[in-house]
Novice: 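My questions all concern the structure below.
Convention: sequence-line order gives letters A, B, ...; per-chain numbering from 1. The structure presented is a predicted model; accordingly, all values stated were derived computationally and were not measured.
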Amino acid sequence: MKTIPEIEAQFIDDFNQLENWEEKYDYLIELGDSLPEMPAELKTADNLVKGCQSSVWFATRCEDGRLFIEADSDSLIIKGIVAILVQLLSGQPSSDIAHADLTMFETLGLWRHLSSQRSNGVTAMMAHLKQSAATCQIN
Amino acid sequence: MTKSISSARADFPILNQLVNDHPLVYLDNAATAQKPRSVIDSLVHYYEFDNANIHRGNHTLAIRATEAHEAARSTIAGFINAQYAHEIVFTRGTTESINLVAYSFGEAFVKAGDEIIVTELEHHSNYVPWFLLCKRKGATFRVVPFDQDGELDLEVFKSMLSEKTRLVAVNHVSNSLGTVNPISEIIQLAHQAGVPVLVDAAQSVQHLDHDVQALDADFYAFSGHKIYGPTGVGVLYGKEKWLEEMPPFLSGGEMIENVTCDKVTFNTLPFKFEAGTPDVSGPIGLAAAIDYLIQFDPAELKDYETDLLNYGLELLSDIPDLTIYGNPKHRSSILPFNVAGIQHYDMGVLLDNYGIAVRTGQHCTQPVMDALGITGTVRASLALYNTREDIDALVNGIKRVQRLFRRKS
């Protein structure tokens with residue numbers, strides 16, 4: 001399995017190859033479409049990320065120190081972002097997730113609204129996932 | 001000689017820029033309006049020449065700053081036709097103005113078993129302070145609902161008014177639907193029952209009639225930044241008789257007359273409610289904004305803004321899969337909508353790529369969104385410098401976003 005920085009570098013490369021913002025959003029929405037459907041029963045209040053303008057759900061389960069993530073959002077853009085996070089983080093060792101320092105959202109200069117708004121953000125999503133990672137131990 | 005509305009746009013330097021390689025189309029005016037050059041200049045002038053702490057300085061700058069600050073109070077009093085300048089209390093904004101009344105009026109006049117009436121159309125800032133006041137005092141919090149068109153149910157309102165009612169708090173214009181509420185009628189009905197009324201004028205003072213004596217409003221609150229003035233200054237108008245009877249909200253310097261170890265007496269109005277060094281420049285900038293606004297003929301301005309809103313409603317309603325929320329008899333400056341299959345957040349983010357600034361989400365009116373059964377809306381909101389070209393750009397932007405999403409489905 002590739003490491004988080006390796007997958008992130010691949011994403012940065014992929015997005016940089018796209019010509020304009022429309023294509024980048026196209027790709028982002030495609031990524032969201034490819035996200036496995038999240039069962040409705042997992043969309044609980046506990047799994048809802050607090051402090052987002054759109055609804056974002058993360059359900060996590062821990063298997064031998066690795067965190068597996070299912071996710072969804074009612075916004076197609078955020079669903080794309082969520083899909084990126086799932087590809088980056090799901091199945092990774094929880095200690096790697098706890099220490100992950102994602103830079104791609106700033107590096108790409110896209111989705112500035114995601115990092116600058118207090119009410120919506122990768123920061124809130126990452127905090128939510130890191131909290132789950134912190135309780136995920138190797139058996 | 002009145003100023004022509006078509007000349008307004010050139011007075012706002014910020015509008016002349018590219019955003020994401022497109023000319024800026026600013027349609028987030030209900031959140032904050034842009035500032036004309038004269039307002040910006042007034043602030044620069046104040047800091048370049050007059051800056052000083054006010055009211056007790058004896059040097060020239062202190063006197064100039066005090067005079068400018070108090071002249072601003074008179075300008076604002078004149079603008080809303082307050083009987084006295086000392087009925088104008090400066091705050092940080094509408095929210096603080098309402099909180100001031102909720103605490104101070106609440107302290108003096110609200111007790112267990114009393115009732116406060118608000119409406120389902122209120123912004124959280126005219127809802128939560130009253131909700132919390134009722135919790136503190138053991139009073140009952142009553143909410144007038146709105147119907148499918150976005151109009152308040154006045155029959156329910158009438159039935160709620162009783163000898164237990166201590167205050168009615170209502171907006172003149174809803175920030176999420178744009179409904180113009182029948183504020184005169186509401187005030188009359190309340191007064192017939194002997195109940196004072198606080199008017200949240202944050203979304204109306206810049207667009208509609210704002211004569212507090214003609215309305216007979218007991219309290220009237222608005223923000224500087226939505227009426228082309230600076231951010232961080234607001235106004236609370238209160239009838240003298242209420243302000244006299246209300247205890248101070250914040251305490252400290254400025255608001256006292258005499259302090260000994262066993263007794264404190266308070267300064268006169270409005271200073272009783274203005275503890276601490278005030279925002280000296282904010283009201284000066286706000287007065288400059290009012291001086292700017294009153295150059296236009298009010299009737300012409302109202303016609304222009306109504307025409308622009310109707311143009312927007314007409315064009316938006318022609319877009320397939322687009323829903324406009326509310327259908328009130330009178331609407332002011334707000335275009336709330338959603339497009340099927342495109343979440344409001346996504347629409348806002350994508351419109352921004354075309355240089356179009358709108359707001360998305362709940363607009364601090366969760367009760368409105370819950371009543372409509374939606375998670376939020378896209379809200380385009382207009383100001384006097386907006387044009388039909390801005391509306392055209394919005395409509396084109398929405399259609400382009402629709403095409404982008406259609407390719408995906």
Side-chain angles (χ1 to χ4, degrees), chain A residues 15 18-35 37-38 40 43-45 47-57 71-84 105-106 108-125, chain B residues 18-22 24 28 31-32 123-125 176 321 323 336 338-366 368-370 372-379 396-409:
Chain A
F15 274 103
L18 299 169
E19 294 269 320
N20 54 43
W21 70 264
E22 271 111 339
E23 286 185 12
K24 289 177 201 213
Y25 274 98
D26 253 10
Y27 179 46
L28 187 70
I29 293 168
E30 257 169 45
L31 287 169
D33 279 346
S34 69
L35 196 64
E37 197 170 327
M38 187 184 197
K43 293 182 184 175
T44 61
N47 286 337
L48 190 67
V49 180
K50 288 180 185 65
C52 283
Q53 264 188 46
S54 316
S55 299
V56 179
W57 295 270
D72 199 5
S73 171
D74 56 355
S75 148
L76 294 189
I77 292 175
I78 300 296
K79 196 172 172 184
I81 301 287
V82 158
I84 291 174
F105 299 103
E106 277 98 57
L108 288 171
L110 270 172
W111 317 307
R112 219 166 10 164
H113 45 92
L114 286 175
S115 44
S116 69
Q117 295 279 8
R118 62 172 178 182
S119 56
N120 211 341
V122 173
T123 314
M125 296 182 213
Chain B
L18 296 180
V19 168
N20 298 322
D21 302 324
H22 294 267
L24 170 63
D28 194 18
T32 203
H123 188 284
H124 293 164
S125 59
S176 49
D321 303 326
T323 305
N338 272 317
V339 175
I342 306 176
Q343 219 240 4
H344 40 84
Y345 171 82
D346 293 351
M347 180 60 83
V349 167
L350 295 173
L351 286 176
D352 178 57
N353 283 288
Y354 298 118
I356 302 167
V358 295
R359 187 147 293 248
T360 64
Q362 301 180 333
H363 317 292
C364 295
T365 55
Q366 221 168 301
V368 176
M369 299 302 136
D370 288 347
L372 294 172
I374 55 178
T375 59
T377 68
V378 184
R379 181 186 73 181
N396 284 333
I398 294 168
K399 288 179 176 168
R400 290 172 80 167
V401 173
Q402 278 182 310
R403 281 199 289 278
L404 192 70
F405 271 67
R406 209 164 287 145
R407 285 215 302 278
K408 309 312 307 168
S409 54

Novice: Given the options B:Arg400, B:Gln362, B:Gln343, which has more heavy-atom pairs under 4.5 Å with chain A than any of the others?
Specialist: B:Gln343

Novice: With rounding to the nearest 0.5 angstrom, report the NE2 to OG distance, B:His344 to A:Ser54.
Specialist: 6.5 Å

Novice: Measure distances from B:Leu350 to the heavy atoms of chain A and classify the residue's part below 4.5 Å as side chain, backbone, both or neither.
Specialist: both

Novice: Roughly how far, to the nearest 0.5 Å, is CH2 of A:Trp21 from CG of B:Asp352?
Specialist: 9.0 Å

Novice: Is any side-chain heavy atom of A:Ile29 closer than 4.5 Å to one of B:Phe405?
Specialist: yes

Novice: To the nearest 0.5 Å, how far apart are CG in A:Leu76 and CE in B:Met347?
Specialist: 11.5 Å

Novice: Within a strict 4.5 Å, meaning less than it, do heavy atoms of the A:Tyr25 and B:Val349 side chains meet?
Specialist: yes

Novice: Any chance CG of B:Asp21 has more than 12 other-residue heavy atoms, nucleotides or ligands included, within less than 6.0 Å?
Specialist: no

